[in-house]
There are 2 protein chains.
Amino acid sequence: MADKLKRADGLPPAMIRLVKELSRLPGIGEKTAARLAFHLLNRHREEVIGLAESLLEMKERVGLCSGCFGLSDGNRCEICEDPAREIDLICVVEGPADLMAIERARGYPGVYHVLHGALAPLDGVGPEDLKIKELLARLSDPAAVREVIIATNATVEGEATALYLARLLKPLGVKTTRLARGLPAGGDLEYSDAATLQSAIVGRREL
Amino acid sequence: MADKLKRADGLPPAMIRLVKELSRLPGIGEKTAARLAFHLLNRHREEVIGLAESLLEMKERVGLCSGCFGLSDGNRCEICEDPAREIDLICVVEGPADLMAIERARGYPGVYHVLHGALAPLDGVGPEDLKIKELLARLSDPAAVREVIIATNATVEGEATALYLARLLKPLGVKTTRLARGLPAGGDLEYSDAATLQSAIVGRREL
């Protein structure tokens, strides 16, 4: 669709270029891109410059933390550097967005390990494509780690990754746990899917 | 929502800034902005720089054509400068996106006049907020203009603007027309709304 946009549509080349760049973003088609471009055209110069600068700044500064492989603008992220965090409790997540979700929920006292993906053999994603070697390196002294919480998604790929990691960690003797599955907060039994209900029944707890 | 995003969510400040800037765009909430930011983080440096540059280039270069007030990266746009265009045929549209739609439909031989809005008294948009004075200036020699096609939207505001312009242009003696209304191409009578069907009946043509 994007290559259908031409100078002949009555738009100046600079506008066409912007629309094409914007329509490369996920979930943004050419019509949305054109709407965004028209919006930006009418915004203050400072606002557009601010957006452009924040793009460059992000690409310039943000890299991976050498400790947990989460996002960081330094060698190590603020969580790994925080002396109040329990470094013997490691929560393994698929991506930075998952880390963010857990941080947002508040109250998790440990540190993280970001895998940057989940096992998906059909898509050609194997263990060597994830930060699994790096996780094992962090567990080189298993006695220094109290618990590894595997917090991959509750999807087929996330479950496969969790099982793979559990098997890998077992010989090390590290306590390995998985996030609980069950009804979400505010969840209605009537509208729950079968898999969620089965998890909720299997994982039932005594009151 | 956007001001809820804090450093405490485990994101580096440069990432938070980008998410905030992106979520100022229309139709993009904080979750979509975060998704876009994560996507951009994983893209090649060149791609992100390309997007930032196209934003700056657009803001730097694109202005309004001094002839039709459409978008242009020079003093006059390519349509006004095109010797093949009939300059005595002026199509009045609300915005640059409308001009683009007509250009895309191909075959319109004339030039344009972009109003940059439509009359909306309730929103405080009056005739002085649109490029109406400028349209009258272009009609200062009515004999030099063959026809003015009013192509404002078929909305309440667009219709009000069309009526206002028609009344304004009548004393000048310039032929003033309005885009036809009726069934859209491929339109199904069964699913047409009443207003469209009424327009189609009133505007029926002999075969």
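Per chain, numbering begins at 1; letters A, B, ... match sequence-line order.
B:M15 CE to A:L71 CG: the interatomic distance, rounded to the nearest 0.5 Å, is 5.5 Å. Note that the CG atom of A:L22 and the CG atom of B:L25 stand 8.0 Å from one another [nearest 0.5 Å]. For the atom pair CG of B:L11 and OG of A:S72, the computed distance is 11.0 Å after rounding to the nearest 0.5 Å. Here CZ of A:R43 is found 7.5 Å from CZ of B:R24. Values are rounded to the nearest 0.5 Å. To the nearest 0.5 Å, atom CE of residue A:M58 and atom CZ of residue B:R17 are 11.5 Å apart.
In terms of heavy-atom pairs under 4.5 angstrom with chain A, the leader among B:T32, B:I79, B:L40, B:I28 is B:L40.
Within the 3.5 Å criterion, the main-chain N or O of A:L41 finds a donor-acceptor partner in the side chain of B:K59.
Looking only at side-chain heavy atoms (C-beta outward), B:L18 and A:E57 stay at 4.5 Å or farther from each other. At least one side-chain heavy atom of A:R35 sits under 4.5 Å from a side-chain heavy atom of B:P26.
Closest non-hydrogen pair, B:P12 versus A:V62, comes out as CG-CG1, 4.0 Å.
In summary, B:R45 and A:E60 engage in a salt bridge, as defined by a charged side-chain N under 4.0 Å from a carboxylate O.
With a 4.5 Å cut-off on non-hydrogen atoms, A:A37 touches chain B through its backbone but not through its side chain.
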